[in-house]
Amino acid sequence: MGPCGRGWARCGGPRLRGPLWALALGRAPPRPAAAAARAGCGLWAPGPQPARGLRSSNPFTRAQEEEWRRRNGTALAYIAAAAVGMVGMSYAAVPLYRLYCQATGLGGTTAAGHGAEQIESMKPVRERVVRVTFNADVHASLHWNFRPQQTEIYVVPGETALAFYKAKNPTDKPVIGISTYNVVPFEAGQYFNKIQCFCFEEQRLNPQEEVDMPVFFYIDPEFAEDPKMAKVDLITLSYTFFEAKEGHKLPLPGYQ
């Protein structure tokens, strides 16, 4: 280190500070006092520190990170397996759910018809009259004319009734159609029993062919005894036709 003169000591004596010192030496303004003192006196000044990496050098921390990665991988594997299982169950549930709906009337599906003995033993509930209206729809893929031949009929629980739909193929090629149905209100579906129906059966119509499609049904006498049906005096039966194609699946009744 150089000699330390009066008023200009580099390592301990009184020294000029601020702009006066810079002007006296013809230099730029000094660095901060602590850094200048360390540099002037030969002390070590730390340089820029390297950026710390994401991976810790602590063995305990590394072990924790590895454990977290292992647990995350296991959780993802379980989630993927559950998703695949749910998809498989959903495909298997479609035919089972359809059978269940037809047996119970869930989702507005008409219940499957009972045996001839029960139909013959039914007693009509004359004091309870229900108006049944009919609706017809055709999917955009099927170029058919499809409509009910009557807009409504009046029935009583425990009595059979017959209605007709009409379908026509106005195209110049044969087309196969298939229909699904539902009942509104949905809660009445369990009491709406079909004896003869064209639903879920392929119907082939040749070019320009027109056919009548019957629906033979009845409302179960228990309909009149259900408190939830006390205010229900209107039931709508709806059919929708789709073009029958390989691999095409009909929507479940009540899910339109």
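- With a 4.5 Å cut-off on side-chain heavy atoms, T236 and V183 do not count as touching.
- Taken together through direct or relayed side-chain contacts under 4.5 Å among Ile, Leu, Val, Met, Phe, Trp and Tyr, V129 and I235 form parts of separate hydrophobic clusters.
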Practice task
Output, in order, the C-alpha distance, side-chain angles, deciding distance and verdict of side-chain contact (heavy atoms from CB on, under 4.5 Å) for Q203 and W144.
Solution key: CA-CA 12 Å; Q203 307 289 332; W144 277 12; 4.2 Å; yes

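- With values rounded to the nearest 0.5 angstrom, E222 atom CD is found 9.0 Å from Q190 atom CD.
- A distance of 11.0 Å separates CG in N193 from CZ in F217, rounded to the nearest 0.5 Å.
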Exercise for the section: Applying side chain to side chain donor-acceptor pair (under 3.5 Å), run through T180 and T240 and close with a yes or a no. Expected result: CA-CA 6 Å; T180 183; T240 302; over 6 Å; no

Validation: residues 224-231 side-chain donor-acceptor distances under 3.5 Å, sequence neighbours left out:
{"from": "D226", "atom 1": "OD1", "to": "K228", "atom 2": "N", "distance (Å)": "3.0"}
{"from": "D226", "atom 1": "OD2", "to": "Y191", "atom 2": "OH", "distance (Å)": "2.6"}

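- A distance below 6.0 Å separates the ring centres of Y239 and F198.
- A donor-acceptor pair under 3.5 Å is formed between the side chain of Y165 and the backbone N or O of N135.
- Counting only heavy atoms from C-beta outward, the side chains of K166 and M213 never approach each other to under 4.5 Å.
- Put simply, CG on D220 and CD1 on I119 are 10.5 Å apart, with the number rounded to the nearest 0.5 Å.
- A salt bridge links R126 and E159; the closest N-O separation between the charged side-chain nitrogens and carboxylate oxygens is under 4.0 Å.
- Atoms CZ and CG, from F242 and L142 in turn, are 9.5 Å apart once rounded to the nearest 0.5 Å.
- Side-chain contact between Q196 and P214 is present, with at least one heavy-atom pair separated by less than 4.5 Å.
- Using a 4.5 Å cut-off on side-chain heavy atoms (C-beta onward), Y218 and M122 make contact.
- H143 has its side chain out of reach of V175: every pair of non-hydrogen atoms, C-beta onward, lies at least 4.5 Å apart.
- Residues F134 and R147 form no side-chain contact, since every pair of their non-hydrogen atoms from C-beta on lies 4.5 Å or further apart.
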All N/O donor-acceptor pairs, side-chain side in residues 150-158, below 3.5 Å, sequence neighbours left out:
{"from": "Q150", "atom 1": "OE1", "to": "F164", "atom 2": "N", "distance (Å)": "3.1"}
{"from": "Q150", "atom 1": "NE2", "to": "F164", "atom 2": "O", "distance (Å)": "3.1"}
{"from": "E152", "atom 1": "OE1", "to": "R131", "atom 2": "NH1", "distance (Å)": "2.7"}

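- For F223 and F192, the gap between ring centers reaches or exceeds 6.0 Å.
- Hydrophobic clustering (side-chain heavy atoms under 4.5 Å, transitive across Ile, Leu, Val, Met, Phe, Trp, Tyr) keeps L234 apart from V125.
- The main-chain N or O of N206 is found under 3.5 Å from a side-chain atom of N169 such that the two form a donor-acceptor pair.
- A167 and F146 get closest at one heavy-atom pair: CB-CD1, 4.0 Å.
- In this structure the side chain of R204 reaches within 4.5 angstrom of the side chain of P174, judged on heavy atoms.
- Once rounded to the nearest 0.5 Å, the distance linking CG of L237 with OG1 of T133 reads 8.5 Å.
- Between I176 and L205 there is no side-chain heavy-atom pair separated by less than 4.5 Å.
- For the atom pair CD1 (I178) and CD (E243), the distance works out to 12.0 Å, reported to the nearest 0.5 Å.
- Smallest separation of non-hydrogen atoms from Y181 and K194: OH-CE, 3.4 Å.
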